[in-house]
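Within every chain, numbering begins at 1; the chains are lettered A, B, ... in the order of the sequence lines, protein sequences first and strands thereafter.
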Amino acid sequence: MYPYKEIEKKWQRKWEEMDFYRTPEVPKNKYYIMEMWPYTSGNIHIGHFRNYAFGDLRWRWEKMNHRDLLHPFGWDAFGLPAEEAAIKKNLNPLEWTYNNIETARRTIKKLGLSYDWKKEITTSDPEYYKWTQWLLIQLFKEGLLYRDESYVNWCPHCKTVLANEQVEGGKCWRCDSKVEKRKLKQWFIKITDYAEELYWDIEKLTNWPKNIREMQRNWIGRNEGAMIQFKMEDGEEFEVFTTRPDTLYGVTFICISPESVLSEKIAKKNDQVKKYIQESLLLSNIERTREKTGVNTNLKAIHPLTGKELPVFVANYVLGNYGTGIIMGVPAHDERDFEFAEKFHLPIKVVIIGNPPAPHRAYTGHGRMVNSEKFNNMNSKEALNNIVQLLENKGIGYKSINYRLKDWLISRQRYWGAPIPMIYCDKCGIVPVPEEDLPVLLPPVEEVNFISRTRSPLADHLGFMKVNCPKCGRVAKRDPDTADTFVDSAWYHFRYLDPRNNKEIFNREEAKKWLPIDLYIGGAEHATGHLIYMRFITKFLYKLGYSPVNEPAVRLFNQGVVRDENGEVMSKSKGNMKDANELIEEIGVDAARIALLFFGPPESDIDWNEEHLKGSTRFLNRIYDISIEDINNKKIKLDASDREKSLYKKVEKTTKKVTEDIERFSYNTMIASLMELLNQIEVYNKKDVLYQYALRRFIKLLAPIAPHISEEIYSLFGEKDSVFLEDWPEFDPEGILEEKFTLIVQVNGKLRARIEANKGIEKEEALSLALECENVKRFVKRDSKKVIYIPDKLINIVS
RNA sequence: GCGAGAGUGGCGGAAUUGGUAGACGCGCUGGACUUAGGAUCCAGUACUAAUUGUAAUAGUAUGGGGGUUCGAGUCCCCCCUCUCGCACCA
């Protein structure tokens with residue numbers, strides 16, 4: 001084993017002495033590279049390491065291409081686990097968090113990564129969360145932060161509310177508990193105001209992975225349709241949203257969601273409805289989807305066009321938070337309505353004839369209109385617009401777009417987060433904390449009672465809660481909740497630019513210098529949460545004139561997950577995490593980087609396998625062995641005959657390949673081609689000047705992936721400067737040209753011979769060469785119909 | 001159910017534009033060196049086929065079936081399996 005520990009220590013110290021990762025003040029050719037930061041619940045594992053290795057490799061390569069780089073690092077330090085540690089183990093969440101950061105930072109430093117530590121930020125530092133609070137106040141001032149009472153997701157285990165994005169399959173994303181509905185008054189960010197922009201700008205994100213863009217589109221769930229006004233018999237008006245106004249004549253009933261204000265109203269006069277609503281609201285989302293149920297209100301609604309009476313139900317399959325919470329039931333042309341109608345024996349009225357017609361289930365396609373008065377025989381697609389037009393003329397409907405995306409619920413009934421900077425005054429109502437009073441500091445941990453309850457621990461801290469109203473000066477109350485930690489990470493790419501600024505959130509000139517992020521690397525699990533929030537906040541700050549860009553990152557790269565030997569995702573709770581420290585102790589940083597990147601394509605998940613580590617260790621040992629033996633420091637000068645040799649050609653081809661592979665994130669094949677080159681270097685005459693040439697080139701190509709050993713060997717060449725201050729090698733275009741090629745001879749598409757031939761030969765020449773082969777002759781019948789010749793590659797004789 | 005992606009040796013994977021399938025590595029087999037080998041080096045390694053002449057060969061192979069093409073892992077259609085995302089969004 002080569003002495004990796006010494007080498008790592010030596011070069012990490014040198015890089016630090018050189019202040020190698022310092023961000024340039026005035027970038028000329030900027031490159032902003034960022035990895036998703038870690039949550040501070042434990043030490044760094046190999047999944048993190050893989051993520052950071054991608055970024056570091058890119059940094060080093062861009063450095064050799066003389067880009068000016070910004071590569072910051074920070075900590076997602078607020079959040080529930082810190083508080084859980086306090087409740088369960090009686091630990092101090094602040095100390096717990098900062099100790100974890102200490103440990104993780106120590107590990108990351110040992111990994112020799114290219115971070116500019118002067119840019120380090122921590123979300124739980126008052127100097128950071130001051131600006132998180134400032135951001136919330138700006139949102140409030142723009143009308144994008146509001147308080148609303150509605151049914152929200154409540155995790156009984158975490159004892160806090162959750163955003164829509166934090167509920168996965170009806171369960172809490174952290175603890176897997178069944179999420180309940182509770183009617184609470186909470187703070188929401190009106191992200192839906194930006195839904196249209198967030199949706200359409202996905203098209204700009206051409207360098208984001210396709211699946212992420214698709215997930216975001218689905219998550220935003222833009223649906224075009226119409227709002228249609230209905231009336232109850234007693235004159236009460238309500239609206240429904242539909243994407244299929246063409247089916248309006250097929251409406252045979254109305255269904256109201258149990259959460260709807262209208263059903264609440266009905267419940268006041270109808271005990272059966274009241275009982276049904278109460279029962280429905282107790283159910284979790286999954287339980288609710290199990291079976292369609294409903295209760296007849298015995299009220300009638302009036303069809304807006306036919307004037308016919310329609311029965312009105314309260315039904316569990318109607319969502320409270322989509323559209324108006326009320327639907328028009330069109331059983332003939334909607335599967336869910338069909339199911340409901342069958343169950344309650346409601347009439348099914350066909351208004352579109354499909355081809356073929358579907359008698360026993362709903363027909364949801366388009367077709368010829370029937371039973372629809374003057375729209376009969378029209379195509380339903382055409383009728384759709386015409387019916388909306390008719391409704392608009394009558395003033396009882398209009399075109400409308402609805403989104404699946406919900407407003408972002410950010411209140412959390414927890415201590416360890418940024419306090420929401422709002423004050424409740426009996427006289428003045430809700431008043432934001434004046435900006436000069438920020439930050440609203442968390443009270444010291446010692447003064448807080450963490451006993452788990454249904455309200456924030458801050459609510460019981462009198463000193464914290466009591467405040468004078470900034471407007472009228474009377475005694476008022478603070479908001480006891482803290483902000484969702486996704487608010488913290490929605491704007492961190494801005495703070496990195498100017499992390500010590502205590503006058504403003506960041507300097508606009510710095511933002512102009514560096515934004516957008518050129519490469520953002522992280523996991524796909526953040527597709528519909530963090531990445532949408534981050535896009536939203538960027539757009540918001542753009543609109544306010546702070547951000548020069550309205551999208552945060554030009555390029556997004558999603559690395560795959562690292563799983564254990566059994567294919568289980570590594571996680572703290574499963575106890576199957578491989579610690580990064582442990583790995584680098586065993587094989588060293590560089591071998592670990594190679595192992596992590598050689599496992600497979602960066603974007604795919606990998607199953608960790610200790611056996612696979614041997615290849616990368618052997619590879620580096622071989623490099624080290626030949627390097628310490630056979631280096632001479634003389635000037636290398638190749639002559640024309642050297643350039644004809646196959647090793648020279650291999651070097652140039654590998655240079656091309658490695659460059660292309662780095663550009664397209666194909667690190668596994670990049671390593672493979674370096675291994676191929678090493679295999680050829682090793683068997684070459686060590687005295688030859690070409691050997692020295694090849695070895696030097698090899699080390700430069702190796703440097704981005706294995707920085708420590710490359711620096712060490714580069715210095716053995718007698719070089720004074722870091723290898724990363726060198727130019728990234730360009731390949732010699734002449735060098736990759738070959739005079740000969742292997743002519744593939746096929747007969748009827750089957751491979752029959754391979755012939756070494758000169759490049760540029762004509763079809764006739766290739767054919768006669770091919771026909772000289774015994775094995776070709778055997779298969780070629782006399783009457784050859786056709787000969788296909790792909791120059792310098794292949795000949796196919798059809799006979 | 002809907003949407004997206006994938007399926008290649010014993011294993012991880014390569015094949016970038018329709019043109020040599022299996023690069024590179026792991027493992028395995030044999031050998032060298034050795035007191036020893038879980039170190040290192042060398043050779044081999046998709047599968048099948050040996051009574052007679054061409055194993056320096058042929059046949060079969062990229063989940064299964066069909067198609068387009070001189071030629072398909074790659075393009076098209078159908079089916080199977082797996083992974084991920086969404087899951088009553090009207």
Engineer: Can you name the atoms? Protein N/O to nucleotides 14-16 of chain B N/O, anything below 3.5 Å, with the distance.
Structural biologist:
from, atom 1, to, atom 2, distance (Å)
A14(B), OP1, Asn668(A), ND2, 3.2
A15(B), OP1, Arg664(A), NH2, 3.4
U16(B), O4, Lys657(A), NZ, 2.3

Engineer: Taking the P atom in each of C84(B) and G13(B), what is the distance between them to the nearest angstrom?
Structural biologist: 16 Å

Engineer: Please tell me which of Ser604(A) and Thr293(A) maps to the more 5' nucleotide of RNA chain B, matching each residue to the nucleotide holding its nearest heavy atom.
Structural biologist: Ser604(A)

Engineer: For every nucleotide of nucleotides 54-62 of chain B, 5' to 3': is a protein heavy atom under 4.0 Å from its base (B), only from its sugar-phosphate (S), or from neither (-)?
Structural biologist: B--SSSS--

Engineer: Between U35(B) and A21(B), how far apart are the C1' atoms? Round to whole Å, please.
Structural biologist: 46 Å

Engineer: With sugar-phosphate meaning primed atoms plus P, OP1 and OP2, does Asn679(A) contact a base, only sugar-phosphate, or nothing at under 4.0 Å between heavy atoms?
Structural biologist: sugar-phosphate

Engineer: For A14(B) and G7(B), measure between their C1' atoms and round to the nearest Å.
Structural biologist: 16 Å

Engineer: For a quick check under 3.5 Å, do Arg697(A) and Thr655(A) share a side-chain donor-acceptor pair by atom type?
Structural biologist: yes

Engineer: Rounding to a whole Å, what distance do you find between Arg213(A):CZ and C86(B):P?
Structural biologist: 19 Å

Engineer: Under the rule for salt bridge (charged side-chain N to carboxylate O under 4.0 Å, His left out), what residues qualify as partners of Asp792(A), not counting sequence neighbours?
Structural biologist: none

Engineer: Just by distance, no angles: are the side chains of Thr742(A) and Glu756(A) close enough, under 3.5 Å, to form a donor-acceptor pair?
Structural biologist: yes

Engineer: Quick one, give me the B/S/- string for nucleotides 3-11 of chain B, reading 5' to 3', where B means a protein heavy atom under 4.0 Å from the base and S means that only happens at the primed atoms, P, OP1 or OP2.
Structural biologist: --S------

Engineer: Pick the C1' atom in G12(B) and in C28(B), then give their distance to the nearest Å.
Structural biologist: 15 Å

Engineer: Quick one: list whatever passes salt bridge (charged side-chain N to carboxylate O under 4.0 Å, His left out) with Asp407(A), sequence neighbours left out.
Structural biologist: none

Engineer: Quick one: what's the B/S/- string for nucleotides 69-75 of chain B, heavy-atom cutoff under 4.0 Å, read 5' to 3'?
Structural biologist: -BS----

Engineer: Please list all pairs passing the salt bridge (Lys or Arg N to Asp or Glu O under 4.0 Å) test where one or both residues lie in residues 317-334 of chain A, with sequence neighbours left out.
Structural biologist: Asp334(A)-Arg336(A)

Engineer: Toward the 5' end of RNA chain B, which comes first, Met215(A) or Lys793(A), by nearest nucleotide?
Structural biologist: Lys793(A)

Engineer: Using the C1' atom as the point on both nucleotides, what is the distance between G10(B) and G5(B), in whole Å?
Structural biologist: 26 Å

Engineer: Stems involving RNA chain B: give each as a range paired with a range, ordered by first number, where a stem means at least three consecutive Watson-Crick or G-U wobble pairs under 3.5 Å.
Structural biologist: B:1-7 with B:80-86, B:10-12 with B:24-26, B:27-32 with B:40-45, B:46-49 with B:57-60, B:63-67 with B:75-79

Engineer: State which residues pass ring pair (Phe, Tyr, Trp, His ring centres under 6.0 Å) with Tyr403(A); sequence neighbours excluded, sorted by chain then number.
Structural biologist: none

Engineer: Quick one: Glu676(A) CD to G13(B) P, roughly how many Å, whole number?
Structural biologist: 19 Å

Engineer: Do Ser257(A) and Glu259(A) get their side chains close enough for a donor-acceptor pair, meaning under 3.5 Å?
Structural biologist: yes

Engineer: Each nucleotide in nucleotides 36-42 of chain B should get exactly one letter: B, S or -. Can you fill that in based on protein heavy atoms under 4.0 Å?
Structural biologist: ----SS-

Engineer: At under 4.0 Å between heavy atoms, what does Phe598(A) touch on the DNA or RNA strands: base, sugar-phosphate, or nothing?
Structural biologist: base

Engineer: In whole Å, what separates the P atom of U83(B) from that of C76(B)?
Structural biologist: 25 Å

Engineer: Using atom P in both nucleotides, what's the gap between A4(B) and U8(B) to the nearest angstrom?
Structural biologist: 22 Å

Engineer: So what does Thr289(A) touch, heavy atoms closer than 4.0 Å: a base, only the sugar-phosphate, or nothing?
Structural biologist: base

Engineer: The criterion is ring pair (Phe, Tyr, Trp, His ring centres under 6.0 Å); which residues satisfy it with Tyr317(A), sequence neighbours excluded?
Structural biologist: Phe340(A)

Engineer: Which atoms form the tightest heavy-atom contact between Ala527(A) and Ile212(A), and what is the distance?
Structural biologist: CB-CD1, 3.7 Å

Engineer: Using every non-hydrogen atom in the two residues, find where Val776(A) and Ala753(A) come nearest and quote the distance to one decimal.
Structural biologist: CG2-CB, 3.8 Å

Engineer: Do Lys656(A) and Glu660(A) come within less than 4.5 Å of each other through their side chains, counting heavy atoms only?
Structural biologist: yes

Engineer: Is Arg555(A) positioned over the aromatic face of Trp208(A), cation under 6.0 angstrom from the ring centre and no more than 45 degrees off axis?
Structural biologist: no

Engineer: Within the 4.0 Å heavy-atom criterion, would you say Val318(A) contacts the bases, only the backbone, or no part of the nucleic acid?
Structural biologist: base

Engineer: Could you give the CZ-to-C1' distance, from Arg754(A) to A21(B), as a whole number of Å?
Structural biologist: 10 Å

Engineer: Nearest whole angstrom, please: distance from the C1' of C2(B) to the CZ of Arg217(A).
Structural biologist: 16 Å

Engineer: Please list, chain by chain and in numerical order, all residues satisfying ring pair (Phe, Tyr, Trp, His ring centres under 6.0 Å) with Phe698(A), sequence neighbours excluded.
Structural biologist: none

Engineer: Do we see a donor-acceptor contact under 3.5 Å between the side chains of Ser380(A) and His366(A)?
Structural biologist: yes

Engineer: Mind checking the C1' distance from A32(B) to G37(B)? Whole angstroms is fine.
Structural biologist: 13 Å

Engineer: Rounded to the nearest Å, what distance is computed from the CD1 atom of residue Ile532(A) to the P atom of nucleotide G85(B)?
Structural biologist: 15 Å

